[in-house]
Q: 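My questions all concern the structure below.
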Amino acid sequence: MKPASFIAADESGIAQAADRIQSGGVIVYPTETVYGLGADPFNPSAFNRIFALKGREAEKGLILLIQKRQDLEALAAEVPVAAETLMEAFWPGPLTLVFAASPGLPEHLLGPTPTIALRMSDATIANALVRHVGGPITSTSANLSGRSPARSAQDAADVLGDRVDLILDGGTAPDPRPSTLVDVSVRHPRILRPGRIAETDINRILTLESD
């Protein structure tokens, strides 16, 4: 197979990338952190293909990007007050929230517990891609599991080559740190993964909410 095509992240390129996702493909695209792998999360074949090409453990879930808060209605069983507070402070942006999953979601979307990880990005290209697709897309770093994430289209191509269908080139990613991952499915929210948003800022917002 020939290496995946590099496509400029302009309106035409974003539309092509969205079409590829809608047809069951897996693409690389830039986010506000690093480059990610995008696919239709409701397509089991495309979803599982990401695990295969990354060498990622099957029991680990994937983060989904959404376009607007209203998208939570179909994905999250409930939106706790703490989650509302964090979204008000940090969405759109590099904060991923883990919610109790809405009943009836496909099992492959869920991690070892019935939860789902969601983020609303503040990256123009990622937002435009989600809008063109018309629904959530996957957002996991474009790399082999355990390796450094791709900060550019070339980084992704060097590692993934012809194993993806298209690479949306948006220049060098601004920050190699991942999104901060916070579990709001439990009574007392907890940080599962440090990232762009500091733990002190998360705790400060949650403390203000509880006062």
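For the single chain, residues carry numbers from 1 onward in sequence order.
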Q: Given 3.5 Å as the limit, does a donor-acceptor pair link the side chain of Asp183 with the main chain of Pro189, or not?
A: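 No: the side chain of Asp183 does not pair with the backbone of Pro189.
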
Q: So, taking the atom named OG in Ser139 and the one named CG in Leu65, what distance separates them when rounded to the nearest 0.5 Å?
A: 4.0 Å

Q: When you group the ILVMFWY residues by side-chain heavy-atom contacts below 4.5 Å and let the links chain together, are Phe99 and Phe90 in the same group?
A: yes

Q: Look at the side-chain heavy atoms of Ile, Leu, Val, Met, Phe, Trp and Tyr, link any pair under 4.5 Å apart, and say whether Ile66 and Val182 land in one connected group.
A: yes

Q: Between Ser179 and Thr96, do the side chains contain an N or O donor and an N or O acceptor separated by less than 3.5 Å?
A: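 Indeed, the side chains of Ser179 and Thr96 share at least one donor-acceptor pair under 3.5 Å.
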
Q: Is a side-chain N or O of Asp201 found less than 3.5 angstrom from the main chain of Ile197, in a donor-acceptor match?
A: no

Q: Would you kindly say whether His132 and Gln16 are connected by a side-chain donor-acceptor distance under 3.5 Å?
A: no

Q: Do Ile137 and Leu64 have side chains that approach each other closer than 4.5 Å (heavy atoms only, starting at C-beta)?
A: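 The answer is no, as the side chains (C-beta and beyond) never meet within the 4.5 Å cut-off.
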
Q: Side chains of Leu118 and Ile63: closer than 4.5 Å at any heavy-atom pair?
A: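 Result no, sub-4.5 Å side-chain heavy-atom pair not found.
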
Q: Please check this pair: side chain of Ser5 against backbone of Ile7, looking for a donor-acceptor N/O pair closer than 3.5 Å.
A: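 Between the backbone of Ile7 and the side chain of Ser5 there is no qualifying donor-acceptor contact (under 3.5 Å).
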
Q: Supply the atom-to-atom distance Asp122 CG to Glu32 CD, rounded to the nearest 0.5 angstrom.
A: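 If I round to the nearest 0.5 Å, the distance is 4.5 Å.
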
Q: Does the side chain of Ser145 reach to within under 4.5 Å of the side chain of Phe51, using non-hydrogen atoms?
A: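 No, too far: nothing below the 4.5 Å cut-off.
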
Q: When hydrophobic residues are tied together by side-chain contacts of less than 4.5 Å, even through go-betweens, does Val184 share a cluster with Leu192?
A: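 As far as the 4.5 Å side-chain criterion goes, Leu192 and Val184 are not connected within one cluster.
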
Q: Could you check whether any side-chain heavy atom of Val28 comes within less than 4.5 Å of a side-chain heavy atom of Leu166, counting everything from C-beta outward?
A: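 Contact flag for Val28/Leu166 side chains = no.
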
Q: Applying a strict under-4.5 Å side-chain criterion to I, L, V, M, F, W and Y, I'd like to know whether Ile27 and Leu62 cluster together.
A: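 Not linked; separate clusters.
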
Q: Any sub-3.5 Å donor-acceptor pair from Thr138's side-chain atoms to Leu37's backbone N or O?
A: yes

Q: Start with the C-alpha gap between Asp40 and Val133, add the side-chain angles, then the distance that decides, and say whether side chain to side chain contact (heavy atoms under 4.5 Å, CB included) holds.
A: CA-CA 9 Å; Asp40 176 1; Val133 170; 6.0 Å; no

Q: For Arg69 and Trp91, indicate whether the former's side chain and the latter's backbone hold a donor-acceptor pair under 3.5 Å.
A: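 Flag not set: sc Arg69 to bb Trp91 has no pair under 3.5 Å.
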
Q: With clusters defined by side-chain heavy atoms of hydrophobic residues (ILVMFWY) lying less than 4.5 Å apart, directly or transitively, does Leu109 cluster with Leu72?
A: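 Yes, same cluster.
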
Q: Any side-chain heavy atom of Pro149 within less than 4.5 Å of one from Tyr35?
A: no

Q: Does some side-chain heavy atom of Ile116 sit less than 4.5 Å from a side-chain heavy atom of Leu75?
A: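 Yes, close enough: below the 4.5 Å cut-off.
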
Q: Any sub-3.5 Å donor-acceptor pair from Lys54's side-chain atoms to Ser141's backbone N or O?
A: yes

Q: Quick check for you: to the nearest 0.5 Å, what is the distance between Glu88 atom CD and Ile205 atom CD1?
A: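 Glu88 CD to Ile205 CD1: 10.0 Å, rounded to 0.5 Å.
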
Q: Do Asp71 and Gln67 meet the criterion of a side-chain donor-acceptor pair at a distance under 3.5 Å?
A: no

Q: Are Arg119 and Leu95 side-chain neighbours, meaning at least one heavy-atom pair lies under 4.5 Å?
A: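 A side-chain contact under 4.5 Å is absent here.
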
Q: Determine yes or no for a side-chain-to-main-chain donor-acceptor pair under 3.5 angstrom, with Arg20 supplying the side chain and Asp165 the backbone.
A: yes

Q: Let me confirm one number: the OG1-CD1 distance from Thr31 to Ile125, rounded to the nearest 0.5 Å.
A: 10.0 Å

Q: Between Val26 and Phe47, is a side chain to side chain contact (heavy atoms under 4.5 Å, CB included) present by the stated rule, with each step listed?
A: CA-CA 8 Å; Val26 175; Phe47 193 86; over 6 Å; no

Q: Might you work through the side chain to side chain contact (heavy atoms under 4.5 Å, CB included) test for Val81 and Thr85, ending with a clear yes or no?
A: CA-CA 6 Å; Val81 173; Thr85 302; 4.2 Å; yes

Q: Using only atom types and a distance under 3.5 Å, with no angle test, would you say the side chain of Arg163 pairs donor to acceptor with the backbone of Leu53?
A: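 Yes, because the side chain of Arg163 sits within donor-acceptor range (under 3.5 Å) of the backbone of Leu53.
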
Q: Between Asn143 (side chain only) and Ala156 (backbone N and O only), is there a donor and an acceptor less than 3.5 Å apart?
A: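 Checking the backbone N and O of Ala156 against the side chain of Asn143, no donor-acceptor pair under 3.5 Å is found.
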
Q: What are the two closest heavy atoms between Leu129 and Ala18, and how far apart are they?
A: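 Taking every non-hydrogen atom into account, CD1-N, 3.7 Å.
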
Q: So do the side chains of Leu110 and Thr113 get within less than 4.5 Å of each other, counting heavy atoms only?
A: no

Q: Of all the heavy-atom pairs spanning Ile21 and Ala39, show the shortest one and how long it is.
A: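 Taking every non-hydrogen atom into account, CG2-C, 3.7 Å.
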
Q: What are the two closest non-hydrogen atoms of Thr33 and Arg196, and how far apart are they?
A: CG2-NH1, 3.7 Å

Q: Ignoring hydrogens and angles, tell me if any N or O in the side chain of Arg56 forms a donor-acceptor pair with the backbone of Gly61 under 3.5 Å.
A: yes

